[in-house]
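This report refers to the structure that appears directly beneath it.
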Amino acid sequence: QVQLVESGGGLVQAGGSLRLSCAASGRSFSSFAWFRQAPGKEREFVAAFNWSGGVISTYYAVSMNGRLTISSDNAKNTVFLQMNSLKSEDTAVYYCAASSRTYYTRTDYSAASSYIYWGQGTQVTVSS
């Protein structure tokens, strides 16, 4: 059974940091991504991570302005999202997603439809 389990969300003050984790089990994946959804808004792309032929590629939403780092453990079973300088507008439910395919174009890696497997989400609340 394939599972993606997110953790690490919580309440943080503006300017603070959080590190989200996504633990995958049940199969191996080539691509992971983080999306977020704030109340009343559509789900939006945050960051993506993939590997192919030993090469790791990372991608970020331009709007996050360098405040993010996506990485994985050596086994590539767990993906992390380090978020710094958090703002109140970062408040959302953050979802981990995974795919067995590798994506290189923004159209593909930033699309929710590219990912079949999803976690349950973890709440991030940034207080101002």
- Task: For residues 118-128, pull every pair meeting side-chain hydrogen bond (donor to acceptor under 3.5 Å, both in side chains), keeping only residues two or more places apart or in separate chains.
- Result: Glu6-Gln120, Gln123-Thr125
- Item | Flag side-chain contact, heavy atom, 4.5 Å: Met83 against Val124 | yes
- Identify the two heavy atoms, one from Gly121 and one from Val93, that lie closest to each other, and give their separation to 0.1 Å. CA-CG1, 3.8 Å
- Residues two or more places apart in sequence or in another chain: which of them pass side chain to side chain donor-acceptor pair (under 3.5 Å) with Asn84? Ser17, Gln82
- Residue pairs fulfilling salt bridge (charged side-chain N to carboxylate O under 4.0 Å, His left out) with at least one residue in residues 38-56, sequence neighbours excluded: Arg36-Glu44
- Shared ILVMFWY cluster between Val79 and Ile116, side chains joined below 4.5 angstrom? yes
- For Ser57, check side chain to side chain donor-acceptor pair (under 3.5 Å) against everything at least two apart and list the hits. none
- What about Phe49 and Trp51, are their ring centers closer than 6.0 Å? yes
- Note on the structure: Sequence neighbours excluded, the answer for side chain to side chain donor-acceptor pair (under 3.5 Å) partners of Ser99 is Tyr103
- Task: Look at the side-chain heavy atoms of Ile, Leu, Val, Met, Phe, Trp and Tyr, link any pair under 4.5 Å apart, and say whether Tyr109 and Leu20 land in one connected group.
- Result: no
- Message: Can you list everything that forms a side chain to side chain contact (heavy atoms under 4.5 Å, CB included) with Ser63? Sequence neighbours excluded, please.
- Response: Ala61
- Which ILVMFWY residues can you reach from Val62 by hopping between side chains whose heavy atoms are under 4.5 Å apart? none
- Task: Would you mind reporting whether Asn50 and Ser30 have side-chain heavy atoms less than 4.5 Å apart?
- Result: no
- Below 6.0 angstrom between ring centroids: does that apply to Phe35 and Tyr115? yes
- Same apolar cluster (I L V M F W Y, side chains within < 4.5 Å links), Leu81/Phe45: no
- Note on the structure: Sorted by chain and residue number, the ring-ring contact (aromatic ring centres under 6.0 Å, His included) partners of Tyr94 (sequence neighbours excluded) come out as none
- Query: How close do Leu68 and Ala47 get, heavy atom to heavy atom, and via which atoms?
  - Reply: CD1-CB, 4.5 Å
- Task: For Ala111 and Thr107, work out which heavy atoms get closest and say how close.
- Result: CB-O, 3.3 Å
- Determine the sole option in Val5, Leu4, Thr78 for which the side-chain contact (heavy atoms from CB on, under 4.5 Å) test with Cys22 is passed. Leu4
- Message: In the structure I gave you, are the side-chain heavy atoms of Phe80 and Thr69 within less than 4.5 Å of one another anywhere?
- Response: no
- Task: With sequence neighbours excluded, give me every salt bridge (charged side-chain N to carboxylate O under 4.0 Å, His left out) pair touching residues 96-107.
- Result: none
- Side-chain donor/acceptor of Tyr60 to backbone N/O of Ile70, under 3.5 Å: yes
- Sorted by chain and residue number, the ring-ring contact (aromatic ring centres under 6.0 Å, His included) partners of Tyr95 (sequence neighbours excluded) come out as none
- Message: Under the rule for side chain to side chain donor-acceptor pair (under 3.5 Å), what residues qualify as partners of Arg67, not counting sequence neighbours?
- Response: Asp90
- Results of salt bridge (Lys or Arg N to Asp or Glu O under 4.0 Å) for Glu89 - residues two or more places apart only: none
- Item | Side-chain heavy atoms of Cys96 within contact of Phe32, under 4.5 Å | yes
